[in-house]
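See below for the structure under consideration.
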Amino acid sequence: MLHFESDYLEGAHPALLSRLLETNLEQAPGYGSDPWCESAREKIRAACGCPRAAVHFLVGGTQTNAVVIDALLARHEGVLTAVTGHINGHEAGAVEACGHKVLPLPQKEGKLSAAEVRRYLQQFYADESHAHMVAPGMVYLSHPTEYGTLYTAAELRALHEVCAEYRIPLFLDGARLGYGLAADGNDLSLPEIARCCDVFYIGGTKVGALCGEAVVFPNPSLAPHFFTVMKQRGALLAKGRLLGVQFDALFTGGLYEEIAAHGVRMARRLKEGLARRGVRFFLETPTNQQFVILENGELERLSHNVGFTRWEALDEGHTVVRLAVSWATREEDVDALLALF
């Protein structure tokens, strides 16, 4: 059986496991105050060009999204997102469970536009009864999006301008950020993201780590008590070193960029091979997720030998399927999949 269901099927990159073993019996304080977490913070600050940034380590994406949003929103506020945004469709109401409504907006190829956000905000405050409504207190986006598409630097700057005008924070979910930064045509960088976003995170779980997401506040004063909110929400790991060691390894010697680039190369190999075989694509994506259109009979045939995600029904006879590769995907895995088409 070939497995292309997601990009976190494997454990961790061997370099991270090696560092965990090497440091295993060393004693250190807990809750992220160990030397490995501090070393990782300094390396992440340097990579982002933010020497004063606050950097916090959490375990997983859903947890991170819920805690960041809860920490920054007032009780009467909600969060704007594309209707396809992960917090709206795939997190089991985690944000709502914290007491904040998700406010979905129209999207194009998984992306929010600054014009759509501005339109919503203008209409909200033009409504004389807006005091009776959930106030839009934040904008959430992900890079890459749920469809593997990318924001351009110009698009991100435009969203930043709207958020700054209305004095609400812009939050970027970077669970797959490594693959976005490595993708063909990407013109965003960590420093540019840090300039445009009030908070963002660098995903480890899907890019080589056993688990872990690194939350970055370029301006630490935005959330001075984030550590305490983490504690309240059960997101503060006692053995914080487990996350610090991994991120310290990922941000040593360009490993994060190297393994993300490998994932993108495997996606390109898959994409080009499928195109040669006449497979249709649902949309153009340069990242590690490829969305293809399969005739339902073909889908059932492939399902006996390939694990994939059934994304959405296109029509009565066709289904959109997601094929995901990762830092650990091998060329022979991709070639074996292509041989089935």
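In this chain, numbering begins with 1 at the start of the sequence shown.
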Do the side chains of [Y] and [X] get nearer than 4.5 Å, heavy atoms only?
X	Y	value
Leu177	Leu190	yes
Val215	Val67	no
Val139	Val162	no
Glu331	Met266	yes
Val83	Pro106	no
Asn305	Leu2	no
Leu141	Lys111	no
Val79	Leu72	no

With clusters defined by side-chain heavy atoms of hydrophobic residues (ILVMFWY) lying less than 4.5 Å apart, directly or transitively, does [Y] cluster with [X]?
X	Y	answer
Leu58	Phe200	no
Val59	Tyr8	no
Leu222	Leu80	no
Val207	Phe57	yes
Leu150	Val325	no

Taking atom [atom1] of [X] and atom [atom2] of [Y], what is their separation to the nearest 0.5 Å?
X	Y	atom1	atom2	answer
His56	Met230	NE2	CE	7.0 Å
Leu323	Asp7	CG	CG	12.0 Å
Arg52	Ser221	CZ	OG	7.0 Å
Leu16	Ile259	CG	CD1	7.0 Å
Cys197	Leu159	SG	CG	8.5 Å
Asn288	Phe4	CG	CZ	12.0 Å

Looking at [Y], is its backbone amide N or carbonyl O close enough to the side chain of [X] to form a donor-acceptor pair, meaning the two atoms are under 3.5 Å apart?
X	Y	answer
Asp333	Arg330	yes
His100	Glu77	yes
His318	Asp315	no
Tyr179	Lys206	yes
Arg310	Val320	no
Asp187	Ala153	yes
Gln107	Glu109	yes
Ser18	Pro14	no
Gln289	Tyr147	no
Asn65	Ile87	no

Where [X] and [Y] come nearest, the two heavy atoms and their spacing:
X	Y	value
Gly297	Glu295	N-OE1, 2.9 Å
Pro51	Gly49	CD-O, 3.5 Å
Thr149	Glu284	CG2-O, 3.8 Å
Cys37	Gly244	SG-CA, 3.5 Å
His160	Arg195	CE1-O, 3.9 Å
His86	Tyr140	CB-OH, 3.5 Å

Next item on the list: For the pair Phe171 and Tyr201, name the ring-plane relationship: parallel under 30°, tilted 30 to 60°, perpendicular over 60°.
Entry: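 Tilted: the ring planes of Phe171 and Tyr201 meet at 30° to 60°.
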Item checked: Whether His13 and Trp327 hold their rings parallel, tilted or perpendicular, with breakpoints at 30° and 60° -> tilted
Notebook entry, point to check: Looking at Thr205, Thr64, Thr62, which hits side-chain hydrogen bond (donor to acceptor under 3.5 Å, both in side chains) with Glu213?
Noted result: Thr205
Check: Per the side-chain hydrogen bond (donor to acceptor under 3.5 Å, both in side chains) rule, which among Thr252, Asp34, Asp248 passes with Ser39?
Finding: Asp248
Do [Y] and [X] meet the salt-bridge criterion of a basic N to acidic O distance under 4.0 Å?
X	Y	value
Glu332	Arg269	no
Glu192	Arg157	yes
Glu38	Arg45	yes
Glu26	Arg241	no

Next item on the list: Take Leu188 and Cys196 through the test side-chain contact (heavy atoms from CB on, under 4.5 Å) and record every step on the way to the result.
Entry: CA-CA 10 Å; Leu188 280 174; Cys196 292; 5.9 Å; no
Check: Is it the case that Asn296 and Thr319 place a side-chain donor and acceptor less than 3.5 Å from each other?
Finding: yes
Note to self: Assess the residue pair Leu170 and Leu156 against the criterion (side-chain contact (heavy atoms from CB on, under 4.5 Å)); give the C-alpha distance rounded to whole Å, side-chain angles, the decisive distance to 0.1 Å, and a yes or no.
What the structure shows: CA-CA 10 Å; Leu170 178 60; Leu156 191 62; 4.1 Å; yes
Margin query: Run Tyr151 and Ile193 through side-chain contact (heavy atoms from CB on, under 4.5 Å) and show every step you take.
Written below: CA-CA 11 Å; Tyr151 286 89; Ile193 289 170; over 6 Å; no
Note to self: Are more than 12 heavy atoms, taken from residues, nucleotides or ligands other than Phe124, located less than 6.0 Å from that residue's CZ atom?
What the structure shows: yes
